[in-house]
Undergrad: 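First the structure, which I've put down as structure tokens, then a few questions once you've had a look.
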Amino acid sequence: MKNGYLGIYDSGIGGLTVVKAVQEAFPNEKIVFLADSKHMPYGSKTPEEIVSYSLENVSILSRYPLKAVLIACNTSDSIAREVLQERCSLPIIGVISPAAKKAVSLSQNRRIAVMATQATCASGAYVKAVSGYDEEAEVISVPCPALVPLIEEGRFLHPDEELDTVLSSYLDQVKESGADTLILGCTHYDVLIPHVKRILPGIHTVSSSRCFLDDLKELVSSETDDTEEKEIFLCTSDAEDFRKTAELMLPGIRFQRV
Ligand code: DGL
């Protein structure tokens, strides 16, 4: 179904960094995006909870005619992907494998640091994905539990002392590891790229919000379709509350609560 919707989900505004990347690369794409804001952050949840939220997200998105599901959430991709693939007949695209591939292509010393949520780090998904591309590469996982709540408060647009202190403490671990490449293994962290480059210049930075586009190429349509709404934005908590931070990223955005 080439002219169906691309269903995209995340726990929150991290998914909008993915939506923006899709919109820039494939402007004709029809998108239905769901932020499971009621259960955000996913990073501190159990694997069972993350699987259950992910199944529910796909079920909500499936109310629309979908052609594929893009998991715009490393935490969900790391834990729920296999279950989704088993239970869902649609193509499922994730963000982890493409980011790992890109990092391996950039790293010269084969030491790759991954900043991600606690749940993603604990799952070992990046270790597995990187070793699929380079068995000898070493992955240094840096769980960053304090970042998602700060980003959801919109504290990334301007210099912010608390964000800087927290981010610097995680980047110190990256620096100490000797890695020459850093994966931002949470889609929320894409908004931190300017801060990362300022605090730790000279490291290759790979954002999981931007590496999956090649995997979409075969699915996207080149024609415009004016018969249905082009973009639909859903969330699972108060729509007006959620819109306030979301609008910092996509001005004029409106959400429906589901
Ligand atoms: N943006 C998500 C990720 O890529 C989820 C962050 C969270 O809810 O903890 O992991």
Side-chain angles (χ1 to χ4, degrees), residues 10 14 17-18 20-21 24-25 41-44 70-79 81-82 93-148 150-151 156 159-160 163-217:
D10 180 36
T17 65
V18 171
K20 272 176 99 167
E24 277 164 27
Y42 277 11
S44 56
L70 171 56
I71 310 175
C73 174
N74 290 260
T75 311
S76 173
D77 189 13
S78 69
I79 289 158
R81 191 195 168 110
E82 274 176 32
I93 296 143
V95 284
I96 291 181
S97 176
K101 185 177 179 186
K102 175 85 180 166
V104 166
S105 76
L106 289 174
S107 178
Q108 274 150 5
N109 72 3
R110 300 164 113 184
R111 290 179 71 75
I112 297 171
V114 180
M115 287 170 60
T117 66
Q118 289 155 293
T120 300
C121 291
S123 76
Y126 267 105
V127 175
K128 198 169 159 202
V130 166
S131 78
Y133 294 108
D134 178 359
E135 265 183 46
E136 303 287 310
E138 195 172 335
V139 173
I140 302 97
S141 299
V142 181
C144 306
L147 289 180
V148 166
L150 286 171
I151 294 165
F156 53 87
D160 183 294
L163 178 74
D164 257 22
T165 308
V166 167
L167 182 58
S168 298
S169 74
Y170 296 136
L171 288 173
D172 280 349
Q173 295 175 52
V174 173
K175 199 172 171 188
E176 278 160 25
S177 76
D180 69 351
T181 303
L182 166 63
I183 299 176
L184 299 178
C186 170
T187 52
H188 278 74
Y189 306 168
D190 187 73
V191 298
L192 301 179
I193 289 178
H195 303 278
V196 171
K197 288 195 189 293
R198 173 172 48 83
I199 299 169
L200 193 57
I203 193 161
H204 299 298
T205 306
V206 173
S207 169
S208 57
S209 301
R210 303 175 190 216
C211 299
F212 57 84
L213 293 167
D214 273 355
D215 294 356
L216 278 185
K217 273 188 188 147

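Bear in mind the structure is a predicted one, so any value in this text is a computation, not a measurement. Count residues from 1 along the sequence.
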Undergrad: Is it the case that the side chain of His195 and the backbone of Phe156 share a donor-acceptor pair, with hydrogens and angles ignored and the cut-off at 3.5 Å?
TA: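 At least one qualifying donor-acceptor pair exists.
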
Undergrad: Answer with yes or no whether the side chains of Tyr133 and Ser97 bring together a donor and an acceptor at under 3.5 Å.
TA: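 Side chains of Ser97 and Tyr133: pair found under 3.5 Å.
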
Undergrad: Quick one: pull up CD1 in Ile140 and SG in Cys121 and give me the separation to the nearest 0.5 Å.
TA: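 One finds 11.5 Å between CD1 of Ile140 and SG of Cys121.
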
Undergrad: With a 4.5 Å heavy-atom cut-off, do Val206 and Cys211 have their side chains touching?
TA: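 Yes; the side chains approach each other to less than 4.5 Å.
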
Undergrad: Between Ile193 and Ser207, is any pair of side-chain heavy atoms under 4.5 Å apart?
TA: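 Yes. Closest side-chain heavy atoms under 4.5 Å.
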
Undergrad: Checking Leu147 against Met115 for the side chain to side chain contact (heavy atoms under 4.5 Å, CB included) test, could you report, in this order, the C-alpha distance in whole Å, the side-chain angles of both residues, the deciding distance, and whether it holds?
TA: CA-CA 10 Å; Leu147 289 180; Met115 287 170 60; 4.0 Å; yes

Undergrad: Where is the tightest heavy-atom contact between Ile96 and Ala125, given as atom of each residue plus distance?
TA: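 Of all heavy-atom pairs spanning Ile96 and Ala125, the closest is CD1-CB, 4.0 Å.
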
Undergrad: Is a donor on one side and an acceptor on the other found under 3.5 Å between the side chain of Thr187 and the backbone of Ser209?
TA: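 Between the backbone of Ser209 and the side chain of Thr187 there is no qualifying donor-acceptor contact (under 3.5 Å).
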
Undergrad: Should Asn74 and Thr117 be marked as a side chain to side chain contact (heavy atoms under 4.5 Å, CB included) after you check the CA-CA gap, both sets of side-chain angles, and the distance that decides it?
TA: CA-CA 8 Å; Asn74 290 260; Thr117 66; over 6 Å; no

Undergrad: Please name the pair of heavy atoms, one in Val174 and one in Ala113, separated by the smallest distance, quoted to 0.1 Å.
TA: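 Scanning both residues, the minimum pair turns out to be CG1-CB, 3.8 Å.
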
Undergrad: Mind checking the CG-NZ spacing from Leu200 to Lys175? Nearest 0.5 Å is all I need.
TA: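 Here the rounded value is 6.5 Å.
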
Undergrad: Which heavy atom in Val95 sits nearest to a heavy atom in Cys73, and how many Å separate them?
TA: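 For Val95 and Cys73, the tightest heavy-atom pair comes out as CG2-C, 4.1 Å.
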
Undergrad: If I compare all heavy atoms of Pro145 with all of Gln118, which pair ends up nearest, and what's the gap?
TA: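 Closest approach of Pro145 to Gln118: CB-OE1, 3.5 Å.
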
Undergrad: Search all heavy atoms of Ala146 against all heavy atoms of Val166 and return the closest pair with its distance.
TA: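 Taking Ala146 first and Val166 second, the nearest heavy atoms are CB-CG1, 3.7 Å.
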
Undergrad: With a 4.0 Å cut-off, would you call Lys217 and Asp214 a salt bridge?
TA: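 Yes.
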
Undergrad: To the nearest 0.5 Å, tell me how far Leu171 CG sits from Cys144 SG.
TA: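 One finds 8.0 Å between CG of Leu171 and SG of Cys144.
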
Undergrad: Mind listing the closest non-hydrogen atom pair of Phe212 and Leu70 along with its distance?
TA: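 In terms of heavy atoms, the two residues are closest at CE1-CD2, 3.7 Å.
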
Undergrad: Considering the options Val18, Ile151, Thr17, which one meets the side chain to side chain contact (heavy atoms under 4.5 Å, CB included) requirement together with Asp190?
TA: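 Of Val18, Ile151, Thr17, side chain to side chain contact (heavy atoms under 4.5 Å, CB included) with Asp190 is met by Thr17 alone.
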
Undergrad: Once rounded to the nearest 0.5 Å, what's the spacing between atom CG of Leu182 and atom CG of Leu106?
TA: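 Going from CG on Leu182 over to CG on Leu106, the span is 11.5 Å.
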
Undergrad: Ser107 side chain to Ala103 main-chain N or O, any donor-acceptor pair under 3.5 Å?
TA: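 It does not hold such a pair.
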
Undergrad: Could you give the distance from CD1 (Ile112) to CG (Asp180), rounded to the nearest 0.5 Å?
TA: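 Going from the CD1 atom of Ile112 to the CG atom of Asp180 covers 7.5 Å.
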
Undergrad: About how many Å separate OH of Tyr189 and OG of Ser208, when rounded to the nearest 0.5 Å?
TA: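 The OG atom of Ser208 sits 9.5 Å away from the OH atom of Tyr189.
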
Undergrad: Say whether, by atom type as modelled, one donor and one acceptor occur between the side chain of Arg210 and the main chain of Ala21 under 3.5 angstrom.
TA: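 No.
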
